[in-house]
Every structure is written in structure tokens, then in C-alpha cells.
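These numbers come from a predicted model, not from an experiment. Naming convention: chains lettered A, B, ... in sequence-line order (proteins, then strands); numbering from 1 in each chain.
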Number of protein chains: 2
Amino acid sequence: MTERIRILVIDDEAAIRRFLRSSLPENEYFLLEAETGEAGLRLTATENPDIVLLDLGLPDLDGIEVARRLREWTEVPIIVLSARGRETDKVQALDAGADDYLTKPFGVKELLARIRVALRHSQRGKEPANPVVEADGLRIDLAARQVFLDTVEIRLTPNEYKLLAALARSPGMVLTHKQLLTEVWGPAYSEEAHYLRVYMGQLRHKIERDPAKPRFLRTEPGVGYRLIVED
Amino acid sequence: MTERIRILVIDDEAAIRRFLRSSLPENEYFLLEAETGEAGLRLTATENPDIVLLDLGLPDLDGIEVARRLREWTEVPIIVLSARGRETDKVQALDAGADDYLTKPFGVKELLARIRVALRHSQRGKEPANPVVEADGLRIDLAARQVFLDTVEIRLTPNEYKLLAALARSPGMVLTHKQLLTEVWGPAYSEEAHYLRVYMGQLRHKIERDPAKPRFLRTEPGVGYRLIVED
DNA sequence: CATTGCCATAAGGAATTCGTAAGATATCAT
DNA sequence: ATGATATCTTACGAATTCCTTATGGCAATG
């Protein structure tokens with residue numbers, strides 16, 4: 001069977017979370033839970049869920065603010081679940097980046113249908129991305145999550161792979177320090193530029209023939225890094 | 001101003017169509033109207049609207065059927081507007097391919113917000129045509145952050161690149177000293193015209209064939225600089 | 001012809017950014 | 001618990017980039 005859909009619910013009411021846990025078919029969906037906005041932001045970064053269900057009345061941050069902060073770096077579908085039914089609330093949430101808005105109480109069937117819509121949307125446009133980047137003996141298979149140099153497989157740690165994969169998704173393009181850090185470590189680490197130096201060094205030792213004269217992983221001083229695919 | 005958004009409304013009630021026509025800001029949206037499902041299908045094909053607003057209670061076809069037939073060949077966003085508020089209606093419509101479902105009566109502000117969401121979705125996925133400025137052997141790829149002269153890559157420092165990119169974003173136009181300084185060094189440095197001379201010199205050494213007789217980077221005495229693209 | 005203002009170029013030290021190594025801490029399976 | 005692996009942290013020399021200063025050219029002006 002195919003991977004289960006991972007849904008993150010950000011809501012402080014235990015009753016709602018329990019309700020969702022029992023309503024969502026367990027063999028199709030896997031539920032992640034956060035009780036606060038901060039926890040929700042963190043979990044989105046670390047767990048990379050397929051959908052976020054967001055309550056507006058959170059104890060720490062306002063739900064609108066959570067949506068806005070998510071949209072600074074991710075396009076994960078956000079469905080707001082709120083007791084507030086006022087039109088201005090809906091408009092604010094949708095304009096802040098939410099993709100849908102359901103007023104409590106809502107029917108489970110409708111929620112599931114709207115989740116399917118959101119998944120359809122995030123599915124779309126994903127196909128054309130080429131899952132294999134190849135150049136000069138280096139092969140990065142993004143679908144299989146494997147890297148080869150001259151037919152021998154290179155073993156990469158999770159962070160090393162995420163870093164290389166981020167570069168490989170936009171071959172030839174410069175990715176800034178901030179973009180890479182956000183992609184690999186999450187937005188909270190977007191200033192820790194030295195992580196990049198350490199991990200770039202490790203990557204170069206593994207995939208470059210002469211790590212001191214990198215062929216693939218080029219430094220763009222003061223800006224970021226790029227993966228070179230052409231000659 | 002940018003092209004108006006084209007919205008097709010498929011609804012047999014003249015009252016609704018009139019209501020929409022008067023509610024949608026006329027300078028942003030252009031409204032196309034169909035009274036029947038068949039007419040709606042035909043108009044979608046011929047007019048290629050940006051959004052379809054679909055009523056379920058049509059005289060000829062059922063709205064659900066219209067949504068299904070549209071989805072056979074187009075991904076245009078479909079927002080259902082219906083008096084039917086039953087959950088099964090919503091689920092059917094959404095699963096038939098609709099992207100959103102609003103129960104009449106609805107607020108105009110909410111409809112507009114949901115239209116914006118739909119437009120955001122259809123925007124996404126289209127890769128923004130990457131802006132390249134090219135002239136006489138010089139090529140500036142603003143997306144990849146790369147500069148070539150006769151196919152050989154020119155390496156630029158962050159400030160050099162920012163300066164050249166600022167000029168390349170308005171090819172042929174004069175940018176004043178103040179504009180360039182603000183762009184590269186920030187508004188606090190808008191009087192340091194001297195920086196420009198130094199960096200222009202460096203740029204010319206890197207991208208001009210004869211730095212003493214600049215072909216691309218022209219000085220406009222007393223005013224600023226411009227990037228020449230034409231012959 | 002001297003002066004003034006704007007521009008171009010060269011050069012060197014200051015400041016920032018990079019690469020690398022190595023040790024400390026955390027995580028995980030055995 | 002133990003060892004293996006991965007991540008985080010720190011430190012420092014090297015490399016690069018930035019800023020500043022100095023010098024000279026050219027054109028317009030009086």
C-alpha cells in the first residue's frame with residue numbers, strides 16, 4: 001500500500017483532536033498533533049506533513065499569524081477549522097494563506113472531501129519535476145533517494161542528503177544560505193550559516209573527486225551554493 | 001494595468017448573475033455568463049476563463065455533471081455556488097472535481113477571498129518565465145544568478161552582481177546614482193556616489209571586451225548609469 | 001591657463017566569509 | 001550499557017570581498 005497521508009492538527013482543544021483521531025480512517029491518514037502555534041510551526045518544519053488543519057483560537061499565537069508564518073516558507077495546504085464564523089475571520093484567514101475554511105461544527109465527510117481537494121491541489125504540478133539529476137559521473141536519484149558516483153553508491157546521512165537534494169531540485173541555480181538552511185534544518189535555523197560549511201565539507205568529501213577543487217558543489221561567496229551540472 | 005481576471009458564472013437565475021455582476025469590482029474582474037450547463041461547457045472551451053462559478057441547480061444538466069465533464073479536460077478552478085447545503089451535495093461536488101463549495105446565501109467578501117485562493121492555486125506550478133537579459137555575447141540570467149560573456153561564465157562578487165542585476169532589471173533605462181546606491185548598499189549610502197565608480201570599474205573589467213570603451217555599461221554623466229542592450 | 005567638478009583606475013589593509021579539523025553531545029540499535 | 005553513527009559546536013588559518021585613499025584624466029567654466 002502507498003504511504004499514509006500525514007495530517008498535522010494544530011488545536012489546543014483535546015476534544016477536537018480526539019474527534020479527528022477517531023474520524024479519520026486510520027489506515028489512510030496518520031495524525032500529528034500540536035497544542036500550540038509554536039509547536040505547530042516547529043512540527044511542520046520537522047515532520048513535513050501533507051496537510052495542516054489549523055484552529056484559530058490558540059493559546060499562544062493567533063491562528064492567522066500561524067498561517068502567515070507557515071506561508072513564509074512552505075506551500076503545505078492549510079485548512080482552517082474555527083468556531084468563528086464571521087465573514088471577516090474567513091477573509092483574513094484565506095488571505096493570510098489558508099486554502100480552505102470550515103466553521104465548527106462541521107461534518108466529517110465534508111472535511112474529508114475538502115482534504116481530498118487539498119491533496120489534489122498539492123499533487124498537481126509535481127509530476128514534471130525530473131527525479132534524476134546526472135552530470136559527469138554523479139547521479140542523484142531523487143525518487144529513490146540514492147546517490148551514485150561512477151556507479152558506486154554513496155552513503156549520505158539524512159542531513160547530507162537533504163542538503164544535496166535541495167540543490168539537485170534546482171540544478172544550476174544558486175540557493176541562498178537562508179533557503180538551504182530553511183529547507184534542511186527549518187526556518188528557525190535560517191541564520192546558522194556555518195552548519196552549511198560543515199555539511200558542504202562533508203558532502204564534498206563524499207561526492208567530489210578532489211574535494212579541494214569542487215566540480216559539482218560550487219560556493220557562491222556571500223550568497224550560497226549551487227550544484228553544477230553542465231561542463 | 002494588468003489583464004482583468006475572467007470569471008465564467010454558470011447559473012440560470014438572472015438575479016444571481018446580476019448580483020455577481022454588481023459585486024465583483026469591475027476593473028479587476030470580467031464576467032462571462034452562461035444560463036445552462038451546455039452553454040457553460042461550451043463557453044469554458046471557447047473563452048478559457050480563469051475561474052468558473054457553478055450553480056448546481058441548472059435546467060439541463062446537473063451541476064455535478066458539469067463539474068465532472070469539465071474535469072475531463074481542464075484544470076480551471078471551479079467554485080460551486082449552491083442553495084443545497086446538505087453534506088452529501090458538498091462531498092459529491094468536491095469529489096466531482098470542484099475546488100470549493102459555497103452555500104447560498106454567501107457574503108461577497110468571502111466569495112472574493114475564495115476566488116483569490118483559487119487564483120493563487122492556478123498561479124502556482126507555472127514556472128515564472130526566467131528573466132534573461134541578453135545582448136551581443138553578454139547574458140545575464142537573473143533566476144540562476146549567473147552572468148556569461150561569450151559562453152564563458154563570469155564570476156561576480158555579491159555587490160558587483162547586485163549592481164549589474166539592478167541595471168539588468170531595467171535594461172536600457174538610466175538608473176540614477178541614488179537608485180543604484182539604494183539598491184545595492186541601502187538607503188543610508190545613497191550619497192556615496194564614489195562606491196559606484198569603483199564597482200563600475202570592476203564590473204567593466206569583468207564583462208567588457210574593452211573596459212576603456214564600454215559597450216554595455218554606459219556612464220550618464222551627472223545622472224547615473226545604464227545597461228545598453230541594443231546595437 | 002587655472003580651477004572646479006565629475007569620472008576612472010590602482011592598490012592595500014580591514015572586515016567578512018569560507019573550509020577544515022577535531023572534540024562534545026545526541027541518537028539509535030544491539 | 002556499549003559501540004556506531006550522526007549532529008552540533010568551536011576554533012583558527014586561508015581566501016575573498018569590501019571599503020578607503022590616492023592619483024590622474026577630461027571637460028566645462030571663468
Side-chain angles (χ1 to χ4, degrees), chain A residues 42 45-47 145 147 153-167 174-186 188-226, chain B residues 145 147 153-167 174-178 180-181 183-186 188-226:
Chain A
R42 201 163 353 99
T46 57
E47 295 293 332
R145 211 191 148 83
V147 179
E153 178 172 1
I154 310 285
R155 288 184 50 102
L156 299 181
T157 72
N159 278 358
E160 288 166 2
Y161 179 80
K162 277 196 254 179
L163 183 54
L164 183 60
L167 289 162
V174 179
L175 298 198
T176 66
H177 298 138
K178 183 179 269 191
Q179 287 175 318
L180 290 168
L181 287 162
T182 300
E183 190 94 16
V184 178
W185 283 271
Y189 296 78
S190 66
E191 305 301 323
E192 309 289 328
H194 68 204
Y195 286 15
L196 287 179
R197 289 183 210 113
V198 174
Y199 275 80
M200 272 298 175
Q202 294 173 186
L203 267 179
R204 281 173 174 151
H205 271 283
K206 291 189 177 184
I207 71 171
E208 295 282 3
R209 300 205 173 78
D210 179 359
K213 293 191 173 57
R215 153 74 176 78
F216 304 115
L217 296 171
R218 177 132 106 215
T219 303
E220 295 290 336
V223 184
Y225 294 85
R226 93 166 85 212
Chain B
R145 198 186 180 284
V147 178
E153 180 177 356
I154 310 286
R155 310 208 53 174
L156 300 180
T157 71
N159 279 358
E160 288 165 3
Y161 180 80
K162 277 195 254 177
L163 184 54
L164 182 60
L167 290 163
V174 182
L175 297 198
T176 66
H177 297 140
K178 182 178 273 191
L180 290 168
L181 288 161
E183 188 98 13
V184 178
W185 283 270
Y189 295 76
S190 67
E191 304 303 321
E192 308 287 331
H194 184 69
Y195 290 9
L196 286 179
R197 296 190 196 105
V198 174
Y199 276 81
M200 273 299 170
Q202 293 172 187
L203 265 180
R204 281 172 174 150
H205 271 282
K206 290 189 177 185
I207 70 171
E208 296 282 4
R209 299 202 176 80
D210 179 359
K213 294 189 173 56
R215 154 72 177 80
F216 304 116
L217 296 170
R218 177 166 306 175
T219 303
E220 296 291 336
V223 184
Y225 294 86
R226 97 166 79 203

- Message: Give me each pair satisfying side-chain hydrogen bond (donor to acceptor under 3.5 Å, both in side chains) with a member in residues 188-200 of chain A, each pair once, sequence neighbours excluded.
- Response: none
- Sugar-phosphate means primed atoms, P, OP1 and OP2; the rest is base. With that split, encode nucleotides 23-30 of chain C 5' to 3' as B, S or - using protein heavy atoms under 4.0 Å. --------
Under 3.5 Å, which donor-acceptor pairs do the side chains of residues 213-221 of chain A form with other protein atoms, sequence neighbours left out?
unit_1 : atom_1 : unit_2 : atom_2 : d
A/R215 : NE     : A/D136 : OD2    : 2.8
A/R215 : NH2    : A/D136 : OD2    : 3.3
A/R215 : NH2    : A/E230 : O      : 3.4
A/R218 : NH2    : B/E153 : OE1    : 2.5
A/R218 : NH2    : B/E153 : OE2    : 2.7
A/T219 : OG1    : A/R204 : NH2    : 2.8
A/E220 : OE2    : A/R226 : NE     : 3.0
A/E220 : OE2    : A/R226 : NH2    : 3.0

- For D/dT16, does OP1 or OP2 lie under 4.0 Å from any side-chain N or O of B/T157? no
- Can you check the A/L163 CG to D/dT7 P distance for me, whole Å? 11 Å
- For A/R145, which residues count as a side chain to side chain donor-acceptor pair (under 3.5 Å) partner, sequence neighbours excluded? none
- What's the CD-P distance between B/E191 and C/dG5, to the nearest Å? 16 Å
- Rounded to the nearest angstrom, tell me the gap between atom CD in B/E160 and atom P in C/dT9. 14 Å
- Out of C/dT9, D/dA6, C/dT17, which nucleotide sits closest to the side chain of A/R197? C/dT17
- List for me each residue that meets salt bridge (Lys or Arg N to Asp or Glu O under 4.0 Å) alongside B/K206, sequence neighbours excluded, and say none if there are none. B/E160
What nitrogen or oxygen pairs link the protein and nucleotides 19-21 of chain D at under 3.5 Å?
unit_1 : atom_1 : unit_2 : atom_2 : d
D/dC19 : OP2    : B/N159 : ND2    : 3.3
D/dC19 : OP2    : B/W185 : NE1    : 2.9
D/dT20 : OP2    : B/Y195 : OH     : 2.4
D/dT21 : O4     : B/H194 : NE2    : 3.1

- Query: In chain order, what residues pass the ring-ring contact (aromatic ring centres under 6.0 Å, His included) check against A/Y161, with sequence neighbours excluded?
  - Reply: none
- Query: For B/H205 and C/dA10, is the shortest distance between a side-chain N/O and OP1 or OP2 below 4.0 Å?
  - Reply: yes
- Using a 4.0 Å heavy-atom cut-off across all strands, classify A/Y161 as base, sugar-phosphate, or nothing. nothing
- With A/E47, which residues qualify under salt bridge (Lys or Arg N to Asp or Glu O under 4.0 Å), at least two apart? A/R6
- DNA chain C contacts among residues 210-219 of chain A, heavy-atom distance under 4.0 Å: A/T219
